[in-house]
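Before any comments, here is the structure.
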Amino acid sequence: MELKYDITKEDYIAFNLNYYTHNAVVQRSILTTRVATAVIVLLAGTALMVWLNLFPPLAIVVYVALAALCFFGTPWYMRHKMIKNVDRILSRANNKSACGPKTLVLRENDFELIGENEDTTYQYEVVQRTASDEGHYYIFVDEFSALIVPFSAFADETQKQEFYARITAHITDEALRC
């Protein structure tokens, strides 16, 4: 089976958003950051009010509102920053070839990704897990790296299902399949 498709900046952003949303370590880090920033704002506001020996109700309301803004705004800020960083990384000259036309060739014992400055062959056994969203398959060949295969690469639903079956044939744990 041979699939020809284009990878765009939006495909990389979709991959990172999928990872951002579904990775337990990332989600735990976001929760920790949310709680920490809210607590720091409340503690700093309380310390300032104690140091000034002033406890006006308006100041208390302002610090609680700032803490709430930090708690609820952190996920949006981190998501926005991640998208901006992906865009910045892909704009660098040495990363220009990450986007563009790709060919994925599935053979009996291995598969090969061919693109500009790229020709990598993988054994099916290296596929650790798969993930998907509304428009892509993500084929993880290590903990953080994945091949992005947009659904537009498939001629029809049958080809899509055949691809999925071949790519996931060596994944023994059902939980690691998308």
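Here, residue 1 is the first one in the sequence, and each next residue gets the next number.
- When hydrophobic clusters are built by joining Ile, Leu, Val, Met, Phe, Trp and Tyr residues whose side-chain heavy atoms come closer than 4.5 Å, directly or via intermediates, Val26 is not grouped with Leu31.
- In Tyr77, the OH atom is not crowded: 12 or fewer heavy atoms of neighbouring residues, nucleotides or ligands sit closer than 6.0 Å.
- When side chains are defined from C-beta on, Phe163 counts as touching Ile139, because their heavy atoms get closer than 4.5 Å.
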Check against side chain to side chain contact (heavy atoms under 4.5 Å, CB included), Tyr138 and Asn18: CA-CA 9 Å; Tyr138 305 113; Asn18 183 279; 3.8 Å; yes
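- The hydrophobic cluster around Val105 extends to Ile114, counting ILVMFWY residues whose side-chain heavy atoms fall within less than 4.5 Å of a member.
- Expressed to the nearest 0.5 Å, how far CG of Leu17 lies from CD of Glu10 amounts to 11.5 Å.
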Salt bridge (Lys or Arg N to Asp or Glu O under 4.0 Å) assessment of Glu162 paired with Lys160: CA-CA 6 Å; Glu162 180 185 337; Lys160 184 176 162 185; over 6 Å; no
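- Ring geometry, His80 versus Trp76: the interplanar angle falls under 30°, so the pair is classed parallel (tilted spans 30 to 60°).
- Rounding to the nearest 0.5 angstrom, the gap separating the CZ atom in Arg166 from the CD atom in Gln161 is 14.5 Å.
- Put simply, the side chain of Tyr5 reaches to within 4.5 Å of the side chain of Val149, judged on heavy atoms.
- Rounded to the nearest 0.5 Å, atoms CD1 (Ile30) and CE (Met78) are 5.0 Å apart.
- The minimum heavy-atom distance between Cys70 and Val41, with the atom names listed, is SG-CG2, 3.8 Å.
- Contact annotation: the side chain of Lys84 never approaches that of Asp87 to less than 4.5 Å [non-hydrogen atoms, C-beta and beyond].
- Scanning all heavy atoms of the two residues, the minimum distance from Pro101 to Asp6 falls at CA-OD1, 3.0 Å.
- Separation of atoms OG1 (Thr74) and CG (Leu69) is listed at 8.0 Å; rounding is to 0.5 Å.
- Put simply, the side chain of Leu104 does not reach to within 4.5 Å of the side chain of Met1, judged on heavy atoms.
- Of all non-hydrogen atoms in Thr103 and Glu2, the two that sit nearest each other are CG2-CG, 3.6 Å.
- The ring of Phe15 has its center closer than 6.0 angstrom to the ring center of Phe140.
- Counting heavy atoms from C-beta outward, Lys4 and Lys102 have side chains that stay 4.5 Å or more apart.
- Contact between Pro150 and Ile148 at its shortest, heavy atoms only, is CD-O, 3.7 Å.
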Ile167/Thr130 under side chain to side chain contact (heavy atoms under 4.5 Å, CB included): CA gap, chis, key distance, verdict: CA-CA 9 Å; Ile167 264 318; Thr130 60; 3.9 Å; yes
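- Between Tyr164 and Tyr137, the angle of the ring planes stays under 30°, which puts this pair in the parallel group of the 30/60° scheme.
- In this structure, Ala14 and His136 approach most closely via the heavy-atom pair CB-CE1, 3.7 Å.
- The shortest distance between side-chain heavy atoms of Arg79 and Tyr20 falls below 4.5 Å.
- The closest side-chain heavy-atom distance from Ile83 to Asn16 is not below 4.5 Å.
- Checked by atom type and distance alone, the side chain of Thr37 pairs as donor or acceptor with a backbone atom of Thr33 at under 3.5 Å.
- Annotation: the span from Phe71 atom CZ to Leu66 atom CG amounts to 15.5 Å, rounded to 0.5 Å.
- At a threshold of 4.5 Å between side-chain heavy atoms, the hydrophobic network of Ile, Leu, Val, Met, Phe, Trp and Tyr places Phe151 and Ile13 in one connected group.
- With hydrophobic clusters built from ILVMFWY side chains whose heavy atoms lie under 4.5 angstrom apart, Ile40 does not share a cluster with Val35.
- Using a 4.5 Å cut-off on side-chain heavy atoms (C-beta onward), Thr121 and Phe111 make no contact.
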